[in-house]
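The block underneath contains the structure these notes are about, expressed in structure tokens.
All values below come from the heavy atoms of this structure, side chains included, with hydrogens, waters and symmetry mates left out.
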Amino acid sequence: MYPHVESALEYHNAYTLLVAVMLSAQTTDAAVNKVTPELFRRWPNPEAMASAQPSEVGECIRTIGFWRAKAAHCTEMAQILMADYGGEVPQTMEELVKLPGVGRKTANIVLNKMFNTVDGIAVDTHVYRIASRLRLTSAATPLAAEQDLLSLLPHELWKDVNEEWIHFGRDICTARNPTCSACPLSDICPSCGQPNRWFKGSGKKSSKR
DNA sequence: ATCCCGAGGG
DNA sequence: CCCTCTGGAT
């Protein structure tokens with residue numbers, strides 16, 4: 001039937017959230033949650049992780065995708081946190097995206113959940129797909145799609161877009177064979193045979209301004 | 001076979 | 001813009 005297992009990422013603080021989200025790239029939360037208890041037990045903070053061997057970290061997370069690169073990200077990130085931020089997680093987009101393995105999506109999640117800063121939208125594969133199908137964007141990159149969504153959606157919705165659209169994307173608007181028959185937006189969705197009501201005429205451009 | 005709550009590098 | 005990194009689930 002349906003994988004209605006609400007497996008959210010498990011974390012205890014800003015650091016473990018940052019690591020958990022970084023590990024979750026192209027990997028399910030359930031898979032990440034399977035390795036993080038042991039990972040955080042052995043290296044609970046940046047100080048411990050900064051002196052860990054990437055090979056040891058790699059063994060610990062070997063069941064998740066991209067484990068080799070992510071293990072290197074873990075240790076390098078911790079070394080930067082120790083060297084530049086006193087072992088704390090920085091609280092700005094500019095600083096976060098400089099950390100290895102951390103892009104805008106990860107940074108937006110951390111800023112939003114830990115630091116209550118909402119000046120972006122975390123655009124992952126689900127958000128990107130849904131925005132594209134609804135023709136809210138025709139952007140070719142997540143960054144450009146984020147700009148379109150920021151200009152289209154009121155600020156009070158930004159913080160909920162990622163979580164809510166992900167559920168929608170996982171349950172209904174799936175990557176393949178979306179369940180349009182069960183979709184509450186099917187009567188307004190351009191990808192379900194409905195006219196594009198946001199950008200009339202040219203159905204192919206909208207990301208410019 | 002194809003996708004998963006991406007990021008880095010070319 | 002493209003490709004690669006990666007294993008598990010479906």
Side-chain angles (χ1 to χ4, degrees), chain A residues 1-11 14 16-39 54-55 57-80 89-90 93-114 118 120-133 137-147 149 157-179 204-205 207-208:
Chain A
M1 271 280 159
Y2 258 59
H4 258 130
V5 198
E6 291 294 326
S7 67
L9 279 180
E10 291 162 13
Y11 61 95
T16 51
L17 172 64
L18 175 63
V19 172
V21 179
M22 183 274 289
L23 293 178
S24 78
Q26 288 296 311
T27 303
T28 61
D29 284 2
V32 173
N33 289 339
K34 205 153 66 178
V35 303
T36 47
E38 173 73 1
L39 183 71
S55 56
V57 178
E59 282 184 42
C60 185
I61 65 172
R62 194 160 306 226
T63 55
I64 68 174
F66 314 134
W67 59 270
R68 208 182 298 273
K70 287 170 181 174
H73 291 156
C74 279
T75 57
E76 289 168 20
M77 173 194 295
Q79 288 161 12
I80 293 172
V89 176
M93 171 66 70
E94 187 183 355
E95 294 170 310
L96 283 168
V97 295
K98 284 190 209 163
L99 299 172
V102 179
R104 284 191 65 86
K105 182 263 177 179
T106 299
N108 271 323
I109 299 278
V110 173
L111 288 170
N112 188 335
K113 295 186 95 145
M114 290 309 296
V118 184
I121 294 175
V123 176
D124 54 47
T125 181
H126 290 300
V127 173
Y128 184 65
R129 180 178 67 252
I130 292 165
S132 299
R133 283 186 178 155
T137 183
S138 62
T141 67
L143 174 60
E146 183 182 354
Q147 305 312 315
L149 291 176
L157 293 183
W158 293 3
K159 68 177 170 55
D160 296 322
V161 168
N162 185 259
E163 189 164 337
E164 298 193 349
W165 291 27
I166 279 167
H167 290 303
F168 177 60
R170 195 185 56 192
D171 294 342
I172 307 245
C173 197
T174 50
R176 280 176 307 170
N177 303 321
T179 315
K204 260 285 171 185
K205 53 180 48 177
S207 63
K208 304 242 175 73

For [X] and [N], give me the distance from atom [atom1] to atom [atom2], rounded to whole Å.
| X | N | atom1 | atom2 | value |
| --- | --- | --- | --- | --- |
| L96(A) | dG8(B) | CG | P | 12 Å |
| I64(A) | dG6(B) | CD1 | C1' | 12 Å |
| H126(A) | dC3(B) | NE2 | C1' | 9 Å |
| K70(A) | dC4(B) | NZ | P | 14 Å |
| I130(A) | dC5(B) | CD1 | P | 11 Å |
| Q26(A) | dC3(C) | CD | C1' | 13 Å |
| R176(A) | dA9(C) | CZ | P | 16 Å |
| N177(A) | dA1(B) | CG | P | 17 Å |

Say you pick atom [atom1] in [N] and the same atom in [M]; how far apart are they, in whole Å?
| N | M | atom1 | result |
| --- | --- | --- | --- |
| dC1(C) | dC4(B) | C1' | 23 Å |
| dT6(C) | dG10(B) | P | 15 Å |
| dC2(C) | dC3(B) | P | 16 Å |
| dC5(B) | dT10(C) | P | 11 Å |

What's [X] touching, base or sugar-phosphate or nothing? Going by heavy atoms closer than 4.0 Å.
| X | result |
| --- | --- |
| V127(A) | nothing |
| A175(A) | sugar-phosphate |
| L99(A) | sugar-phosphate |

Check: [X] side chain, [Y] main-chain N or O, donor-acceptor pair, under 3.5 Å:
| X | Y | value |
| --- | --- | --- |
| Y11(A) | V19(A) | no |
| N33(A) | A8(A) | yes |
| R129(A) | C173(A) | yes |

Would the number of heavy atoms belonging to other residues, nucleotides or ligands and lying under 6.0 Å from CD of E95(A) be above 12?
yes
Does the structure show F66(A) stacking with dG6(B), if we require the centres to be closer than 5.5 Å and the planes to be within less than 30 degrees of parallel?
yes
Which nucleotide in the set [options] lies at the smallest distance from any side-chain heavy atom of [X]?
| X | options | result |
| --- | --- | --- |
| H73(A) | dC1(C), dG8(B), dG6(B) | dG8(B) |
| W67(A) | dC3(B), dC1(C), dT6(C) | dT6(C) |
| A140(A) | dG8(B), dC1(C), dC3(B) | dC1(C) |
| T28(A) | dC4(B), dG8(B), dG6(B) | dC4(B) |

Is any side-chain N or O of [X] closer than 4.0 Å to OP1 or OP2 of [N]?
| X | N | value |
| --- | --- | --- |
| T106(A) | dA7(B) | yes |
| T63(A) | dG8(C) | no |
| R68(A) | dT6(C) | yes |

Hey, which of these two, A69(A) or K34(A), hits DNA chain C nearer its 5' end, going by closest nucleotide?
A69(A)
Which is more 5' along DNA chain C, the nucleotide nearest G65(A) or the one nearest T141(A)? Just name the residue.
T141(A)
Assign each of V97(A) and I166(A) the nucleotide of DNA chain B bearing its closest heavy atom; nearer the 5' end lies the nucleotide of I166(A)
Nearest-nucleotide 5' precedence on DNA chain B, P100(A) against E163(A):
E163(A)
[Y] side chain reached by [X] side chain, heavy atoms, under 4.5 Å:
| X | Y | value |
| --- | --- | --- |
| V123(A) | R104(A) | no |
| N162(A) | N108(A) | no |
| L39(A) | I61(A) | yes |

